[in-house]
Amino acid sequence: MNPVDIIQGDSPIILGLPHSCGYLPEDIRAKLNTSGQVLADTDWHVHRLYDGLLPGATTVRARFHRYVIDANRSPDDASLYPGQNTTGLVPLTDFDGEPIWTEAPGPEEIAERKARFHAPYHAALAAEIERVRAKHGVAILYDCHSIRSEIPFLFEGRLPDFNIGTNMGASCDPRIEAAAREVVEATGLSWAVNGRFKGGWTTRHYGQPALGVHAIQMELAQSTHLVTETPPFDYDEGKAEALRDPLREILVRLAALAPMLLAE
């Protein structure tokens with residue numbers, strides 16, 4: 001199978017979708033235990049949530065589940081949040097800290113998954129970033145994520161509805177962060193900037209403003225667009241339509257901002 005879906009557009013915006021697919025090869029799925037096979041840590045319906053919001057946006061979507069290998073982790077498996085609970089390049093537990101494998105993958109299998117899935121996804125993403133930057137002089141990578149709003153293993157309390165990550169401002173021009181913040185502030189919903197989620201490896205790796213590549217991550221609490229955050233994780237049309245309006249506004253603002261970044 002092709003590990004990545006690419007839709008090329010003519011906008012300066014690239015949407016990254018590393019976690020929105022539930023596909024696992026059967027040989028890998030068979031090694032998951034009962035809890036793992038629920039796939040609770042999927043970014044449920046995020047591709048649907050963003051579909052069509054910005055005509056002309058490029059999309060790069062991983063076609064494999066994060067339990068195969070996490071496309072938003074460093075290939076050397078360095079922790080994104082040293083000292084805090086998190087999951088690695090190939091997760092051994094779910095977000096609740098519970099084991100997910102009956103037979104955990106060893107080093108050779110992990111290396112094979114990196115070559116088969118992780119590397120092609122990032123080769124495609126890097127190629128699209130370069131294509132867009134060559135066309136516009138600048139590229140803005142907007143990494144699309146969602147997560148359950150309450151996960152005690154990962155964070156205390158309830159997660160804000162909108163979680164903007166820019167690696168503490170290092171991954172993009174401050175006007176990009178400000179534009180996203182202004183939109184979410186106006187919704188009246190809860191939000192945070194560089195809170196529990198500061199941007200994953202994708203945001204941190206590709207976000208190089210001095211080179212004309214800006215990256216921002218949006219982590220949405222799944223309570224904003226799911227009927228329930230438990231199986232079957234159904235999409236809530238009413239919630240989602242209300243959420244799509246501010247998400248569309250963010251993307252429109254970032255696309256309009258892109259030409260202004262060229263002089264920097």
Side-chain angles (χ1 to χ4, degrees), residues 3 16-46 61-119 121-122 143-160 163 165 167 192 195-205 217-223 226 228-233:
L17 295 157
H19 296 151
S20 69
C21 184
Y23 172 77
L24 297 94
E26 284 306 313
D27 62 324
I28 295 177
R29 183 183 292 273
K31 296 177 182 179
L32 288 170
N33 62 24
T34 301
S35 296
Q37 291 189 13
V38 174
L39 305 183
D41 301 333
T42 308
D43 290 17
W44 295 103
H45 307 292
V46 164
R61 183 188 181 201
R63 294 186 61 199
F64 50 91
H65 193 267
R66 70 189 306 153
Y67 289 171
V68 176
I69 196 164
D70 194 330
N72 199 32
R73 296 293 185 270
S74 168
D76 67 4
D77 203 17
S79 177
L80 290 173
Y81 299 100
Q84 300 182 57
N85 288 338
T86 186
T87 54
L89 179 64
V90 174
L92 299 181
T93 71
D94 62 18
F95 287 166
D96 296 311
E98 298 298 325
I100 58 174
W101 301 101
T102 59
E103 182 183 343
E108 289 186 4
E109 183 174 354
I110 290 172
E112 190 271 339
R113 294 188 196 183
K114 283 169 62 174
R116 185 177 170 192
F117 298 101
H118 192 279
Y121 174 79
H122 282 285
D143 219 35
C144 310
H145 296 263
S146 75
I147 192 169
R148 285 177 285 144
S149 60
E150 295 186 57
I151 308 178
F153 182 70
L154 296 184
F155 49 81
E156 295 182 0
R158 189 173 180 85
L159 193 71
N163 299 269
N167 194 22
R196 175 60 180 88
F197 297 99
K198 298 175 174 61
W201 185 73
T202 302
T203 301
R204 302 181 196 194
H205 177 69
Q217 176 175 301
M218 178 66 77
E219 187 88 53
L220 298 167
Q222 291 178 346
S223 56
L226 299 188
T228 176
E229 296 177 281
T230 56
F233 305 104

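Computed from a predicted structure; not experimentally measured.
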| Which heavy-atom pair separates Val90 from Pro105 by the least distance, and what is that distance? | CG1-CG, 3.6 Å
| task | Could you check if a side-chain atom of Leu159 sits within less than 4.5 angstrom of a side-chain atom of Ile151, using non-hydrogen atoms only? | result | no
| query | Between Pro25 and Val68, which heavy-atom pair has the shortest distance, and what is it? | reply | CD-CG2, 3.9 Å
| Could you state the interatomic distance from OG (Ser35) to CD1 (Ile100), rounded to the nearest 0.5 Å? | 9.5 Å
| note | One should read off an interatomic distance between Cys21 SG and Arg63 CZ, to the nearest 0.5 angstrom, of 7.0 Å
| note | When every non-hydrogen atom of Leu92 is compared with those of Ala104, the smallest separation belongs to CD2-CB, 4.2 Å
| Pro231: side chain to side chain contact (heavy atoms under 4.5 Å, CB included) partners, not counting sequence neighbours | Val38, Phe233
| His122 side chain reached by Thr202 side chain, heavy atoms, under 4.5 Å | yes
| query | Residues in side chain to side chain donor-acceptor pair (under 3.5 Å) with Tyr67, at least two apart? | reply | Asp41
| task | Apply salt bridge (Lys or Arg N to Asp or Glu O under 4.0 Å) to Glu156 and list each qualifying residue two or more places apart in sequence or on a separate chain. | result | none
| remark: Minimal heavy-atom distance between Pro18 and His145, with the atoms involved, is CG-CE1, 3.4 Å
| field | Gap between atom CD of Glu219 and atom CG of Asp143 - 0.5 Å precision | value | 9.5 Å
| Pi-cation contact, Tyr81 with Arg204 (under 6.0 Å, within 45°) | yes
| said: Within the 4.5 Å heavy-atom criterion, are His19 and Val46 side-chain neighbours or not? | reply: no
| Value rounded to 0.5 Å, distance of CG in Asp77 from CG in Leu80 | 9.5 Å
| Close side-chain approach of Ser223 and Glu229, heavy atoms under 4.5 Å | yes
| field | Sidechain-backbone polar pair: Asp96 side chain, Glu98 backbone, donor-acceptor under 3.5 Å | value | no
| How long is the gap from CG on Leu220 to CG on Asp43, to the nearest 0.5 Å? | 9.0 Å
| field | Beyond-backbone contact of His65 with Arg29, side-chain heavy atoms, under 4.5 angstrom | value | no
| Any idea which heavy atoms bring Gln217 and Gly200 closest together, and the distance? | OE1-N, 2.8 Å
| ring-ring contact (aromatic ring centres under 6.0 Å, His included) with Phe64: which residues, sequence neighbours excluded? | Phe117
| Arg196 versus Asn163: any side-chain heavy-atom pair under 4.5 Å? | no
| query | Could you give the distance from CG (Leu226) to CH2 (Trp44), rounded to the nearest 0.5 Å? | reply | 9.0 Å
| said: How close do Ser146 and Gln222 get, counting heavy atoms only, and between which atoms? | reply: OG-NE2, 3.0 Å
| Exam field: side chain Arg73 to backbone Thr87, donor-acceptor pair closer than 3.5 Å | yes
| Who pairs with His205 by side chain to side chain donor-acceptor pair (under 3.5 Å), at least two apart in sequence or on another chain? | none
| Under 3.5 Å: donor-acceptor pair, side chain of Asn33, backbone of Pro99 | yes
| Are Arg148 and Leu154 side-chain neighbours, meaning at least one heavy-atom pair lies under 4.5 Å? | no
| task | Sorted by first residue and then second, give each side-chain hydrogen bond (donor to acceptor under 3.5 Å, both in side chains) pair with at least one member in residues 101-118; sequence neighbours left out. | result | Lys31-Glu109, Glu109-Arg113
